Amino acid sequence: MPGTALDPEIAIAISGLRFGYGSGDDILALSELNVRASQRAFVYGPSGCGKSTLLALVGGVLVAREGVVAILGENLSVMKSAARDRIRADHVGFIFQQFNLVPYLSVVENASLPCRYSRRRLQRAVDAHGSVEKSAARLLSALGIGEELRSRRTTDLSVGQQQRVAAARALIGRPELVIADEPTSSLDADRRREFISLLLSEAGRADSTVIFVSHDASLATHFDVAIDLGLSNTAPEPSNAA
């Protein structure tokens, strides 16, 4: 992928990708995929097509068998594990399908958690609002989590509220890339649309690139580009978004 793999204006640059576990068959193969900085990308496709695997590769959790996986101008494919971990902590916010909140921490403590592991995100949170706690509180408020809920443990919250805490955790410290793995699968249609609108609005404030996975292709209209991972040609194509 000449001229794009290490281009910082391309938030995600993939070429010649093959991935499989051990000596098994490939479970994901992509010739090329580019997502520009600040773009909002929607990835969909049938179960088993490799959507979650793609996100794990982009986040540096998995390493490609062949090819280039570059984010924010950094080629993850040639990095050691510790270097990938640092890139992920400093520059990537994750929203998991099961949210993965820490049950013994409060709402604010969960939302602030990435700042414990990244000085870069800690400093950005402090610079933005004076302290990590104030930065977390602003995000939680913007995402619909009121002050009366912030000291509670996340196990006391509804599924929809837990989802919003997970989004605040991903967004704190203004990471350049936000990765969301089917975070709306447990919501009804109205709450799904509301959550996506809030998430994309907050990501826009931070100028973050978003890559969002769902099996529901109807959600593509909320995003700048739609990527059908079930097709052999998976280069981003314009969605029907206005």
Side-chain angles (χ1 to χ4, degrees), residues 12 19 21 27-28 40-63 71 84-85 88-89 91-118 121 136 139-140 142-145 149-173 175 177-200 202-203 208-220 222-223 227 229-230:
I12 302 170
F19 176 82
Y21 291 99
I27 61 174
L28 183 64
R40 303 173 300 178
F42 179 73
V43 178
Y44 65 103
S47 296
C49 71
K51 300 187 296 295
S52 293
T53 300
L54 174 64
L55 296 190
L57 288 161
V58 169
V61 177
L62 297 176
V63 180
I71 65 168
R84 295 197 310 275
D85 290 347
R88 184 167 58 252
H91 302 286
V92 182
F94 275 93
I95 309 174
F96 301 94
Q97 185 173 2
Q98 302 301 324
F99 310 146
N100 291 3
L101 299 174
V102 181
Y104 56 83
L105 297 180
S106 71
V107 166
V108 167
E109 288 168 337
N110 266 281
S112 306
L113 200 57
C115 297
R116 294 189 184 185
Y117 303 103
S118 169
R121 290 175 70 174
L139 276 169
L140 289 164
L143 290 165
I145 299 296
L149 298 176
R150 294 174 197 160
S151 62
R152 295 187 187 180
R153 292 188 178 186
T154 55
T155 50
D156 296 331
L157 304 183
S158 69
V159 170
Q161 290 167 338
Q162 289 180 30
Q163 175 201 55
R164 294 171 187 228
V165 176
R169 181 183 60 187
L171 290 161
I172 197 165
L177 177 60
V178 174
I179 294 175
D181 190 1
E182 301 218 36
T184 61
S185 59
S186 60
L187 301 182
D188 61 35
D190 288 342
R191 292 192 176 188
R192 190 178 302 140
R193 286 191 294 269
E194 180 185 17
F195 174 76
I196 291 173
S197 177
L198 289 170
L199 172 66
L200 295 181
E202 285 303 308
S208 301
T209 305
V210 177
I211 181 166
F212 186 107
V213 154
S214 176
H215 65 279
D216 184 356
S218 70
L219 300 179
H222 297 275
F223 295 82
I227 305 163
L229 210 61

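All values reported here derive from a predicted model rather than from experimental measurement.
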For this session: Could you tell me whether a side-chain N or O of E109 sits under 3.5 Å from a main-chain N or O of S106, the two making a donor and an acceptor?
Result: yes
Exercise. With no hydrogens and no angle check, is any side-chain donor or acceptor of S208 less than 3.5 Å from a backbone partner on P175?
Worked result: yes
Exercise. Is it true that a side-chain atom of Q162 and a backbone atom of L157 form a donor plus acceptor pair closer than 3.5 Å?
Worked result: yes
Exercise. Any sub-3.5 Å donor-acceptor pair from Q161's side-chain atoms to S158's backbone N or O?
Worked result: yes
For this session: Please say which of V61, V58, V210 ends up in a side chain to side chain contact (heavy atoms under 4.5 Å, CB included) with I179.
Result: V58
For this session: Please report the C-alpha distance between D216 and Y44 in whole Å, then the side-chain angles of each, then the deciding distance to 0.1 Å, and finally whether the side chain to side chain contact (heavy atoms under 4.5 Å, CB included) criterion is met.
Result: CA-CA 7 Å; D216 184 356; Y44 65 103; over 6 Å; no
Exercise. Can we say D85 and R88 salt-bridge, meaning some charged N sits less than 4.0 Å from an Asp/Glu carboxylate O?
Worked result: yes
Exercise. Ignoring hydrogens and geometry, is there a side-chain-to-backbone donor-acceptor pair from K51 to G230 under 3.5 Å?
Worked result: no
Exercise. Where the side chain of S118 meets the backbone of R121, is there a donor-acceptor pair that is under 3.5 Å apart?
Worked result: yes
For this session: Determine yes or no for a side-chain-to-main-chain donor-acceptor pair under 3.5 angstrom, with R40 supplying the side chain and F223 the backbone.
Result: no
Exercise. So do V165 and L143 actually touch side chain to side chain, heavy atoms under 4.5 Å?
Worked result: no
Exercise. Which distance, rounded to the nearest 0.5 Å, do you find between the CZ of R84 and the CG of L62?
Worked result: 8.5 Å
Show me, pair by pair, the donor-acceptor contacts under 3.5 angstrom made by side chains of residues 95-102, not counting sequence neighbours?
unit_1 : atom_1 : unit_2 : atom_2 : d
Q97    : NE2    : S185   : OG     : 3.4

Exercise. Between F42 and F212, how do the two ring planes meet: parallel, tilted or perpendicular, split at 30° and 60°?
Worked result: parallel
Exercise. Are the charged groups of E194 and R164 less than 4.0 angstrom apart, N to O?
Worked result: yes
For this session: Quick one: pull up CZ in R192 and CG in L219 and give me the separation to the nearest 0.5 Å.
Result: 6.0 Å
Exercise. Would R193 and I196 count as a side chain to side chain contact (heavy atoms under 4.5 Å, CB included) if you check the C-alpha gap in whole Å, the side-chain angles of each, and the deciding distance to 0.1 Å?
Worked result: CA-CA 5 Å; R193 286 191 294 269; I196 291 173; 5.9 Å; no
Exercise. Can any side-chain N or O of R150 pair as donor or acceptor with the backbone N or O of V108 at less than 3.5 Å?
Worked result: no
